[in-house]
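This report refers to the structure that appears directly beneath it.
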Amino acid sequence: MPSDLSNLRIDRDAPPRRRWLPWALLLVLVVAAAGVYPSARAFVEERRAPEAEVARAVQPVMSASGDSAQLPVLVATGYVIARRSSDVGVKAGGRLASIRFEEGTKVRKGQVIADIEHADIEAQLEAARKAVAEAEAQLAQATAAHDEDLRNLERQRALAKDGIATTATLTAAEAAAAVSAARVRSAEAAIASAQARTRVTGEALENTNVRAPFDGVVIKKRAEVGETVSPFGVQGQATREGGAIATIADLRELEVQTEVSENNVAKLTPGMPAEVKLQAYQDHPFKGRLREIFPSADRAKSIVEVRVSILDPDERVKPEMSASVTFQEPHAPRAERAADPPPAASVVSIVLVPKRTVVEQNGQASVWVVSGATATRRAVTLGPERLDQIEVRSGVVPGETLIVNPPQTLTDHARVRVK
């Protein structure tokens, strides 16, 4: 035991302990935690905040003259068609001798685009013309004979007046003149008949030609040279409806054939503007105008057919293309003034918001406006609906961010995360 106590010594050369160091470290940690706490709390609150899909309020501005953007009313889909389109066929059956077109060929009204073999009809026409010449020769002979009979009748009458010619001779001369006159009339009728046969044969020959009914473009070729065609089609050749050999369309007048539900027909008026978009060229809209609302509906489908004219078509617009039509609200032009510029009051401003941003509570419509990361409930006054949007007449300004389909648990001034 004494030996163990002798080993206990105080080292007076060792450095003193720093007992304050743990407290300093603790103080640093506390200060750091106090600085990070607000950000951490905000981060936690943000992560715990409900996620919200948002949309912006937009303001289409248009002048009273209607030169700028129009308000959408209804969207419908359909297909591009030519207002004038015809399946051109033959008038008489036969074998096609020649075809003078291909798909894309431009044709003029009355232009011969095909013809049928017609050698037999040409021979009939030549025979009819010869018959006319023969009838004319017979008329000349009958006329000469009639003239001679008339002169003989005059001589017999003069002799009978002097008592030289007998009554029988005079009667015979009168009969001969009447017979020759009948022969003249018969020859004239023969000429008229021969000429009629000539015209009939000429029409038959003309019917072997297939002519374009109007200026246009061949969009479909339905027959080839050597095929037998008829006005009613040929059995087994289903591609030629009614004997058609080509389909011609006037591509200068194109329109969209679409269908509208009976419930939406009241929103449309003839002549209202529209925007046409082709499925193939979504980024290039075309101007349109409602041309016709059909006078009858489809009972089975509860739809009404509508035609919309494309006002500015180009080479991209082709028949049978899929298209969508956005009908737009027409605006009456303001009264023109002599040389005054349009006043600022003539500009109509309308705010549109998605219908899914509007909620109703106790009969009051409202929206949730997001500012920063905070959602605020705001009462609004609504106007008419426009497609998937609705007019807001008060309560929202253009450019504000609104929550789409706001959750029922959302509270005023609550934090949200923008989706």
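Judged by distance alone, the side chain of His413 and the main-chain N or O of Ala375 form no donor-acceptor pair under 3.5 Å. Checking side-chain atoms of Arg378 against main-chain N and O of Gly395 turns up a donor-acceptor pair under 3.5 Å. Formation of a donor-acceptor pair under 3.5 Å by the Arg56 side chain with backbone atoms of Thr401 is not found in this model. A donor-acceptor pair under 3.5 Å is formed between the side chain of Thr201 and the backbone N or O of Arg197. At least one donor-acceptor pair under 3.5 Å links the side chain of Asp115 to the backbone N or O of Ser98. Proximity of a side-chain donor or acceptor of Glu400 to a complementary backbone N or O of Val397 within less than 3.5 Å is detected.
Residue Val370 comes nearest to Val54 through the heavy atom pair CG2-CG1, 4.3 Å, listed as atom of the first residue, atom of the second, then distance. Between Glu275 and Lys277, the shortest heavy-atom contact is OE1-CE, 3.5 Å. The heavy-atom pair separating Asp149 from Ala176 by the smallest distance is OD2-O, 3.1 Å. Looking at every heavy atom in both residues, Pro384 comes nearest to Arg393 through CD-NH2, 3.5 Å. Of all the heavy atoms in Thr381 and Ser394, the pair that sits closest is OG1-OG, 2.9 Å. Residues Leu254 and Ala82 share a closest heavy-atom pair of CD2-CA, 3.9 Å.
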Chi angles and distances behind the side-chain contact (heavy atoms from CB on, under 4.5 Å) call for Asp215, Asp250: CA-CA 7 Å; Asp215 296 349; Asp250 185 356; 5.9 Å; no
Derivation and outcome, salt bridge (Lys or Arg N to Asp or Glu O under 4.0 Å), residues Lys267 and Glu329: CA-CA 9 Å; Lys267 299 179 182 179; Glu329 179 179 335; over 6 Å; no
Gln279 and Met321: CA distance, side-chain angles, deciding distance, side-chain contact (heavy atoms from CB on, under 4.5 Å) verdict: CA-CA 7 Å; Gln279 187 69 26; Met321 274 188 162; over 6 Å; no
Check against side-chain contact (heavy atoms from CB on, under 4.5 Å), Leu278 and Val80: CA-CA 9 Å; Leu278 301 178; Val80 177; 3.8 Å; yes
Side chain to side chain donor-acceptor pair (under 3.5 Å) assessment of Thr198 paired with Arg129: CA-CA 6 Å; Thr198 302; Arg129 289 171 178 169; over 6 Å; no
From CA spacing to verdict: side-chain contact (heavy atoms from CB on, under 4.5 Å), Val358, Ser366: CA-CA 6 Å; Val358 179; Ser366 61; over 6 Å; no
Pair Glu188-Arg185, salt bridge (Lys or Arg N to Asp or Glu O under 4.0 Å): steps then yes or no: CA-CA 5 Å; Glu188 291 174 345; Arg185 292 192 296 272; over 6 Å; no
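By the 4.0 Å N-to-carboxylate-O rule, Glu255 lies close enough to Arg291 to be salt-bridged with it. A salt bridge between Lys221 and Glu102 is present, with a side-chain N of the basic residue lying under 4.0 Å from a carboxylate O of the acidic one. Electrostatic pairing of Lys287 and Asp312 does not count as a salt bridge here, judged by no charged N lying under 4.0 Å from a carboxylate O. Ion pairing of Lys318 with Glu320 is absent here, as no side-chain N (NZ or NE/NH1/NH2) approaches a carboxylate O to less than 4.0 Å. Salt bridge annotation for Arg222-Asp87: present, with a cationic side-chain nitrogen under 4.0 angstrom from a carboxylate oxygen. Using a 4.0 Å cut-off between charged nitrogen and carboxylate oxygen, Glu148 and Arg151 count as a salt-bridge pair. Using a 4.0 Å cut-off between charged side-chain N and carboxylate O, Arg211 and Glu206 make a salt bridge.
Going from atom CG of Asp298 over to atom CD of Glu262 covers 8.5 Å, rounded to the nearest 0.5 Å. Distance CD/Glu203 to OG1/Thr208: 11.0 Å, rounded to 0.5 Å. Summarising the geometry, atom CG belonging to Asn207 is positioned 8.5 Å from atom CD1 belonging to Ile116; distances are rounded to the nearest 0.5 Å. Going from atom CG of Leu125 over to atom NZ of Lys130 covers 11.5 Å, rounded to the nearest 0.5 Å. Atom OG1 of Thr105 and atom CD1 of Ile113 lie 9.5 Å apart (nearest 0.5 Å). The line from CH2 of Trp368 to OG1 of Thr357 is 13.0 Å long, rounded to the nearest 0.5 Å.
Contact check for Ile245 versus Ile99: no side-chain heavy atoms found under the 4.5 Å cut-off. Side-chain contact between Val107 and Val218 is present, with at least one heavy-atom pair separated by less than 4.5 Å. Contact of the Leu410 side chain with the Pro407 side chain is registered, since non-hydrogen atoms from C-beta on lie closer than 4.5 Å. For the pair Arg307/Glu305, a side-chain contact is recorded, criterion being any heavy-atom separation below 4.5 Å from C-beta on. Here the side chains of Leu311 and Phe286 are not in contact, with every heavy-atom distance at 4.5 Å or above. Taking 4.5 Å as the limit, some side-chain heavy atom of Arg100 sits within range of a side-chain heavy atom of Val112. Side chains of Arg183 and Gln141 form no contact here, defined as non-hydrogen atoms less than 4.5 Å apart. The closest side-chain heavy-atom distance from Val416 to Thr374 is not below 4.5 Å.
In the displayed structure, Lys106 atom NZ is contacted under 6.0 Å by at most 12 heavy atoms of other residues, nucleotides or ligands.
Side chain to side chain, Arg289 and Ser309 fail the donor-acceptor criterion of an N or O pair below 3.5 Å. There is a side-chain donor-acceptor pair under 3.5 Å between Arg316 and His284.
Both cation-pi conditions hold for Arg84 and Phe214: the charged atom is under 6.0 angstrom from the six-membered ring centre and inside a 45 degree cone around its axis.
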